[in-house]
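Quick note on labels: first sequence line is chain A, next is B, and so on, each numbered from 1. Everything numeric in this text was worked out from a predicted model, so none of it was measured.
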Number of protein chains: 4
Amino acid sequence: MSSTGSAPTRSRALTRERLVASATSLFAGHGLHHVTSHEIARGAGVAAGTFYLHFKDKHELFREIVFEALAGLKERLQKATASATDPREAVRRRSAELLSFAEERCDLVRILFGRNREAAALGADVLDDLIRWLEADLRLRAGTLPARLEPLVAAHALVGMWARVLTWWVDAPRRAPRETVLESLIQLQLSGVIDGP
Amino acid sequence: MSSTGSAPTRSRALTRERLVASATSLFAGHGLHHVTSHEIARGAGVAAGTFYLHFKDKHELFREIVFEALAGLKERLQKATASATDPREAVRRRSAELLSFAEERCDLVRILFGRNREAAALGADVLDDLIRWLEADLRLRAGTLPARLEPLVAAHALVGMWARVLTWWVDAPRRAPRETVLESLIQLQLSGVIDGP
Amino acid sequence: MSSTGSAPTRSRALTRERLVASATSLFAGHGLHHVTSHEIARGAGVAAGTFYLHFKDKHELFREIVFEALAGLKERLQKATASATDPREAVRRRSAELLSFAEERCDLVRILFGRNREAAALGADVLDDLIRWLEADLRLRAGTLPARLEPLVAAHALVGMWARVLTWWVDAPRRAPRETVLESLIQLQLSGVIDGP
Amino acid sequence: MSSTGSAPTRSRALTRERLVASATSLFAGHGLHHVTSHEIARGAGVAAGTFYLHFKDKHELFREIVFEALAGLKERLQKATASATDPREAVRRRSAELLSFAEERCDLVRILFGRNREAAALGADVLDDLIRWLEADLRLRAGTLPARLEPLVAAHALVGMWARVLTWWVDAPRRAPRETVLESLIQLQLSGVIDGP
DNA sequence: AATGAATGAGGGTTCATTCAT
DNA sequence: TATGAATGAACCCTCATTCAT
């Protein structure tokens with residue numbers, strides 16, 4: 001991104017990226033409203049006023065980070081499940097992809113789902129986007145869903161489940177090995193909490 | 001409660017209750033940090049300074065509301081599932097109880113699980129309590145759990161699922177009839193998202 | 001004082017004395033403006049409102065303590081020096097009396113002269129009273145004063161000297177034995193800081 | 001001072017100086033705790049928040065003023081007495097320097113020694129510094145001190161004397177001509193309050 | 001484009017004082 | 001007379017945002 005365009009354009013883009021990176025790290029650590037625009041600027045190595053040359057305000061930047069993170073996650077999930085014809089296989093791949101995302105971007109997990117989930121304070125809940133995508137996916141495979149399972153409710157439930165488990169896991173990955181978390185997530189989705197028919 | 005003790009004691013307790021009620025409603029609507037101690041006092045019909053005769057600060061009151069709500073919810077769930085011997089029956093009753101709680105106390109649902117879930121900002125995550133209770137319950141029925149389902153992960157997943165579904169539902173109960181939500185929740189817990197063995 | 005009058009009068013006087021005692025101790029320890037009327041009341045074992053049944057406000061009580069302390073000190077000094085015909089003897093007795101006062105009432109020393117000498121904030125400086133008394137005393141012995149020593153200046157200087165030395169001494173009496181302090185005070189007054197004529 | 005560096009640096013230093021000047025004047029007139037940070041800012045012609053860009057809080061600024069004033073006074077006294085070999089001459093020069101200081105900086109006299117001498121509320125007594133310097137000076141001339149005069153006590157006594165006399169004098173310089181005050185101060189230090197051997 | 005000093009509204013909190021009981 | 005809950009003005013301090021350089 002910062003490698004195209006004229007020199008001033010490149011420099012501007014670079015500053016912007018630094019601000020985004022600084023903000024992402026700070027938001028993940030302390031939550032939207034415990035982070036000041038001065039701190040973000042300092043973290044990016046620029047002056048306080050520079051922040052406002054790139055973003056209207058703190059919330060706009062937060063929004064941008066959240067929506068970009070969501071779009072990235074959605075794309076990863078899409079790619080991971082695209083080629084799965086068997087619904088069970090889709091569940092497995094989706095779960096694995098979620099854990100990979102968590103391993104690679106624990107900062108984004110914290111921002112999207114975490115503790116101080118102020119992400120939700122951006123008007124309509126930001127997760128709605130992810131949920132609607134999942135709902136659509138579930139409806140596509142409607143024939144494979146249990147009879148009394150409403151896809152919209154299921155989508156909310158699954159995203160809630162993911163959010164909670166990922167947040168908990170990135171908070172202290174040592175608490176459980178990836179394999180355990182993955183198997184449990186899959187198990188829950190494939191057969192619920194009760195063993196046997 | 002406020003009907004015992006001397007006149008000033010009664011009056012004091014009454015004011016406290018008014019403050020708690022005012023705060024509960026405001027927190028549910030706008031979240032911890034968008035509510036000021038002045039607003040809480042005004043909502044309770046008392047002067048700003050009165051707030052501090054009853055609570056050290058806004059956070060202490062928030063904590064109190066959250067922990068009391070959690071304790072109440074836990075007790076309801078406990079009672080609802082205590083006499084269920086069949087694990088499937090326990091799941092059904094628990095789910096029904098959750099929806100009843102949501103119908104009766106949508107304000108508490110919003111505070112505990114909702115949008116601006118700043119409840120989490122109170123040091124350790126407040127839901128841990130609920131999760132540990134659920135984990136213990138699941139371990140009691142360990143024999144009935146699927147083999148590869150770790151109870152701790154399951155507890156987090158279920159609470160996450162509840163949180164998300166209840167928040168969504170209380171936000172606009174018309175979106176889905178209680179029956180639909182209940183059946184979907186039960187279905188998910190009993191057999192996951194895939195139909196058939 | 002509290003032993004005369006009818007029962008309710010006695011009780012009222014007792015409460016008043018308790019408030020004075022509590023305030024004296026607190027003022028000595030923390031200074032006028034770091035002590036609240038609630039603290040004084042609590043220290044006296046009465047309710048907050050009771051304070052205002054006995055004193056118009058915190059400052060009035062402070063004033064009362066200060067002026068009573070000053071009057072007491074003046075009286076002690078007067079008595080101690082009354083019978084001294086030799087001016088040197090008067091200096092010696094006065095100094096000794098000051099140290100006795102400090103030993104007995106370090107709380108009053110702190111209030112009158114000490115650290116947070118807010119005593120001074122009561123309109124005209126409260127020490128003026130003491131100073132004028134000393135000035136008068138010096139003028140009486142005018143014949144014995146050095147020629148170029150203006151009694152008014154001398155009175156200020158001596159009271160300043162006492163204030164500082166007593167404050168320092170009561171703050172940590174172990175720093176110097178009474179004898180040393182006394183001799184030094186006397187020496188200074190009798191012959192200044194230079195040895196010999 | 002404010003004439004070097006870049007434009008913003010100059011401006012910053014200027015604002016700081018204005019705040020210090022405003023605060024010095026206000027503290028001298030009303031005492032630390034009757035002056036608000038808003039008043040200081042207003043007096044400096046800046047907005048309330050600006051105060052906190054330059055000082056952590058009111059007390060830090062007060063400290064700074066007090067310690068700078070003390071350092072300045074100490075240096076003046078040092079310089080004034082450095083070349084005096086005769087101890088009597090040292091006393092004379094020191095006293096004259098004190099009165100000059102009072103004439104030039106009555107605001108600082110009021111802050112350091114005056115009415116609302118809250119300077120003392122800054123942890124250890126601020127005058128300790130001055131006293132220790134004087135004590136050291138007295139010990140250097142130990143041979144010239146009266147036998148029974150402990151230097152530490154003398155240092156406290158002299159500083160107390162200065163404090164009181166200067167405060168009184170700057171409060172209304174008309175009460176006594178400089179010459180009278182100076183002669184009295186010198187007389188007291190050279191031969192005490194009693195005439196003759 | 002970048003700087004960083006300045007702004008000022010707004011929230012948190014204290015506490016002297018009042019007043020119904 | 002005593003109580004203690006309540007009042008509300010006043011202060012401290014932060015921080016999102018602006019703007020002259």
Side-chain angles (χ1 to χ4, degrees), chain A residues 7-9 11-16 33-42 44-59, chain B residues 6-16 33-41 44-59, chain C residues 7-9 11-16 33-42 45-59, chain D residues 6-16 33-39 41 44-59:
Chain A
T9 300
S11 152
R12 178 174 167 80
L14 208 92
T15 298
R16 195 176 205 284
H33 93 268
H34 281 123
V35 171
T36 71
S37 61
H38 275 64
E39 286 171 323
I40 296 172
R42 195 184 324 134
V46 300
T50 302
F51 182 93
Y52 290 90
L53 297 178
H54 292 271
F55 306 98
K56 191 170 76 54
D57 59 29
K58 203 172 66 168
H59 293 81
Chain B
S6 66
T9 299
R10 250 201 323 282
S11 150
R12 180 177 170 81
L14 215 116
T15 298
R16 196 177 204 283
H33 92 266
H34 282 119
V35 171
T36 71
S37 60
H38 277 66
E39 284 171 325
I40 297 172
V46 299
T50 302
F51 182 92
Y52 294 93
L53 295 180
H54 293 271
F55 306 98
K56 193 171 76 53
D57 58 28
K58 207 173 59 169
H59 293 81
Chain C
T9 300
S11 152
R12 177 174 167 81
L14 207 92
T15 298
R16 195 175 205 284
H33 92 268
H34 281 122
V35 171
T36 71
S37 61
H38 275 65
E39 286 172 324
I40 297 172
R42 195 183 325 134
V46 300
T50 302
F51 182 93
Y52 291 90
L53 296 177
H54 293 270
F55 306 98
K56 191 170 78 52
D57 59 29
K58 203 172 65 168
H59 293 82
Chain D
S6 66
T9 299
R10 253 203 318 284
S11 149
R12 181 178 169 80
L14 216 117
T15 299
R16 195 177 204 283
H33 93 268
H34 282 119
V35 171
T36 70
S37 60
H38 276 64
E39 285 172 325
V46 299
T50 301
F51 181 92
Y52 293 94
L53 294 179
H54 294 271
F55 306 99
K56 194 171 75 54
D57 57 29
K58 206 173 60 170
H59 294 81

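For the pair A:Glu39 and A:Val35, the tightest heavy-atom approach, listed with the atom from each and the gap, is OE1-CA, 3.4 Å. The two residues B:Ile40 and B:Lys58 come nearest to each other via the heavy atoms CD1-CG, 4.3 Å.
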Encoded 5' to 3' (Watson-Crick or G-U under 3.5 Å; [ ] crossing; | other strand), DNA chain F becomes .||||||||||||||||||||
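Between the P atom of F:dG4 and the CG atom of B:Leu14 lies a distance of 19 Å, rounded to the nearest Å. Between the C1' atom of E:dT13 and the NE2 atom of B:His38 lies a distance of 9 Å, rounded to the nearest Å. Computed from coordinates, the A:His34 NE2 to F:dA16 P distance equals 11 Å when rounded to whole Å. Distance, C:His33 NE2 to E:dT14 C1': 12 Å, rounded to whole Å. Here the C1' atom of nucleotide E:dA16 and the NZ atom of C:Lys58 are 8 Å apart, to the nearest Å. Between the CZ atom of B:Arg12 and the P atom of E:dT21 there is a distance of 18 Å, given to the nearest Å.
The phosphate of F:dC11 has neither OP1 nor OP2 within less than 4.0 Å of any side-chain N or O from D:Thr36. Contact check, C:Ser11 against F:dT1: no side-chain N or O comes under 4.0 Å of OP1 or OP2. A close approach under 4.0 Å does occur between a side-chain nitrogen or oxygen of A:Thr15 and OP1 or OP2 of E:dA2.
A heavy atom lying under 4.0 Å from DNA chain E marks the following residues of residues 45-57 of chain B, by number: B:Gly49, B:Tyr52, B:Asp57.
For the atom pair NE2 of B:His59 and OG of B:Ser37, the computed distance is 11.0 Å after rounding to the nearest 0.5 Å. For the atom pair CZ of C:Arg16 and OG of C:Ser11, the computed distance is 13.5 Å after rounding to the nearest 0.5 Å.
A search for side-chain hydrogen bond (donor to acceptor under 3.5 Å, both in side chains) contacts involving D:Arg12 returns nothing, not counting sequence neighbours.
Nearest-nucleotide mapping onto DNA chain E: of B:Glu39 and C:Ser37, the residue sitting toward the 5' end is B:Glu39.
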Pairs under 3.5 angstrom only: tabulate donor-acceptor contacts from the side chains of residues 45-55 of chain C to other protein residues two or more places apart or in another chain.
unit_1, atom_1, unit_2, atom_2, d
C:Thr50, OG1, C:Ala47, O, 3.4

